[in-house]
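Note sheet for the following structure.
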Amino acid sequence: MASRSPTSPRIWPLFALNFFMADMQSGIGPFVGVFLQERGWASGLIGTAMTIGNVAGMLITTPIGGFIDASRNKRLWVVIPGICVVLASGIILISQNFWAVTFSQVAQSLASAAIVPAVTGITLGIAKQKGFNALNGRNQAYNHAGNMVGAALSGYLGYKFGYVAVFALAAVFGAIAIACVLMIPAKAIDDRAARGSKEDDSKAPPDAMTMLLKHRALLVLALTLALFHLGNAAIVPLYGLAAVAEGQANGPSFVATTVVIAQGVMIVTSLIAMKAASKRNYWPVILVSFMFLPVRGVLAFFVTGWWGVVPMQVLDGIGTGLQTVAVPGTVARSLNGTGRINLGQGAVITVQGIGASLSPALGGWIAQWIGYGPTFLLLGGFGLASIALWLAFAAAVKEY
């Protein structure tokens, strides 16, 4: 298939986009906590600012998915997040006032909300449903490589020049990502294929929440991911705060190391997930991804600082790497023919985002009350809840 050929002129800018858009998804987030802690912020207030930003992203994700489905210019929905990343990086450097920081987190969250359904739509539009699994798997490998390189550069630049360099690098990555998406020919993106359409386009689009409630597989996927991320989203930021607070690590280099290790593992696991799904389906891939959160919670309880970085982040890399391929793949397969794949993607991310949004505040305040160790155990327990729910409703999701 020409759309899957690595020599196709439309493919390399897509891979480059996935590489440089890494900071649109995670952006300055991993570094914000230790940056603010060094400026006297308590863990509860840090978590609150991050949660407000996450909630804003959660609320906008589903509408954005619908806009992307309807849009005839999919590339625009990558340009907008790129601008938001540049704004987020600049704002937090200019002021560490609570509301300024919160606004920067909102801008970052808007970028994160749009970029996944936008790139999913572009990938579907290029590869069509038949080629989506393979191209998406390669996309994710490049994305994790971009995260790894970006984190390594951030750690080095942060160590040498301070946080100004870290946030400036995020802005540069955002600008390059904008240039990359504009290099993808607009005609290379089939708008009907990008939304999985086999229907008359004049048909009224369904409400996103109605779609979730009527589509059991999508609802189960969204709820299990919400539980998972309620525990998972706060672990890495809290782990960094714990180590830096105990004087065990330099802030920028420690955070960068945790990200580099995880993303390096994700490169491999995203390709493994692609191969596994092509032979069977995505259900066992997602089940395995949930299993690593409880183990990480226990490990973080017993070991902090540099000693625990490698094993804990390897486990995170495996779990998250599997999900980056399996989740959009499950949505694309389950909604194929509806013409509303990106709306469904946004709806799943929105429900998932409820867990991710509450996680930093939940983890931050609990850690402030009872300490970091017990908090890690509580957060890890949400992984067990995800496993239980996924197994209980296996019949609804196994076909995908």
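Quantities reported herein were computed from a predicted structural model and do not represent experimental measurements. As a basis for the values below, the full set of heavy atoms in this structure was taken, side chains included, without hydrogen atoms, waters or symmetry mates.
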Where the side chain of [X] meets the backbone of [Y], is there a donor-acceptor pair that is under 3.5 Å apart?
X      : Y      : result
Lys74  : Ala118 : no
Ser386 : Thr224 : yes
Asn139 : Asn18  : no
Thr320 : Gly317 : no
Ser109 : Ala56  : no
Arg75  : Ile184 : yes
Ser71  : Ile68  : no

If you define the side chain from C-beta out and look only at heavy atoms, does anything of [X] sit under 4.5 Å from [Y]?
X      : Y      : value
Leu322 : Ile286 : no
Gln323 : His229 : yes
Ile176 : Phe19  : no
Gln108 : Ile92  : no
Val285 : Thr330 : no
Gln105 : Ile52  : no
Leu362 : Leu378 : no

Ignoring hydrogens, what is the shortest heavy-atom contact between [X] and [Y]? Give both atom names and the distance.
X      : Y      : answer
Ala273 : Val325 : CB-CB, 3.9 Å
Trp41  : Ala49  : CZ3-CB, 4.1 Å
Leu379 : Leu293 : O-CD2, 3.9 Å
Ala107 : Cys84  : O-CB, 3.3 Å
Gly150 : Leu169 : O-CD2, 3.6 Å
Gly125 : Lys128 : O-NZ, 3.5 Å

* To do: Check the side chains of Arg333 and Asn133 for a donor-acceptor pair under 3.5 angstrom, ignoring hydrogens and angles.
  =>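 Their side chains do not contain a donor-acceptor pair, so the 3.5 Å distance test is not met.
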* Have Thr324 and Asn143 got a donor and an acceptor in their side chains that come within less than 3.5 Å? ->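 Judged by distance alone, the side chains do not pair up.
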* Asked: Between Met21 and Val78, is a side-chain contact (heavy atoms from CB on, under 4.5 Å) present by the stated rule, with each step listed?
  -> CA-CA 9 Å; Met21 79 179 205; Val78 174; 6.0 Å; no
Kindly work out whether a path of hydrophobic side-chain contacts (I/L/V/M/F/W/Y, heavy atoms less than 4.5 Å apart) joins [X] to [Y].
X      : Y      : answer
Ile126 : Met274 : no
Ile83  : Ile80  : no
Val397 : Leu218 : yes
Val351 : Ile60  : no
Phe292 : Val295 : yes

Nearest-0.5 Å distance that lies between atom [atom1] in [X] and atom [atom2] in [Y]:
X      : Y      : atom1 : atom2 : answer
Ser270 : Ile318 : OG    : CD1   : 12.5 Å
Leu391 : Leu287 : CG    : CG    : 5.5 Å
Leu389 : Leu384 : CG    : CG    : 13.0 Å
Asn232 : Asp316 : CG    : CG    : 5.5 Å
Tyr282 : Ser289 : OH    : OG    : 13.5 Å
Asn97  : Ile91  : CG    : CD1   : 11.5 Å

* Given side-chain contact (heavy atoms from CB on, under 4.5 Å), test Asn147 with Met266 step by step and report yes or no. => CA-CA 10 Å; Asn147 265 307; Met266 287 180 202; over 6 Å; no
* To do: Could you give me the CA-CA distance, side-chain angles and deciding distance for Ile349 and Val327, then say whether side-chain contact (heavy atoms from CB on, under 4.5 Å) is met?
  => CA-CA 10 Å; Ile349 294 173; Val327 172; over 6 Å; no
* Asked: Could you walk me through whether Leu225 and Val348 pass the side-chain contact (heavy atoms from CB on, under 4.5 Å) check?
  -> CA-CA 8 Å; Leu225 288 171; Val348 169; 3.9 Å; yes
* To do: Please state whether the rings of Phe290 and Trp390 are parallel, tilted or perpendicular, taking 30° and 60° as the class boundaries.
  =>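 Plane angle over 60°, so perpendicular.
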* Who passes ring-ring contact (aromatic ring centres under 6.0 Å, His included) against Phe103, sequence neighbours left out? ->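 With sequence neighbours excluded, Phe103 shows a ring-ring contact (aromatic ring centres under 6.0 Å, His included) to no residue whatsoever.
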* So among Phe173, Tyr142, Phe15, which one has a ring-ring contact (aromatic ring centres under 6.0 Å, His included) with Phe20? ->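 Output: one option passes, namely Phe173.
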* To do: Supply the members, apart from Val268, of the Ile/Leu/Val/Met/Phe/Trp/Tyr cluster built from side-chain contacts under 4.5 Å; use none for a lone residue.
  =>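 Hydrophobic cluster check, Val268: joined to Ile272.
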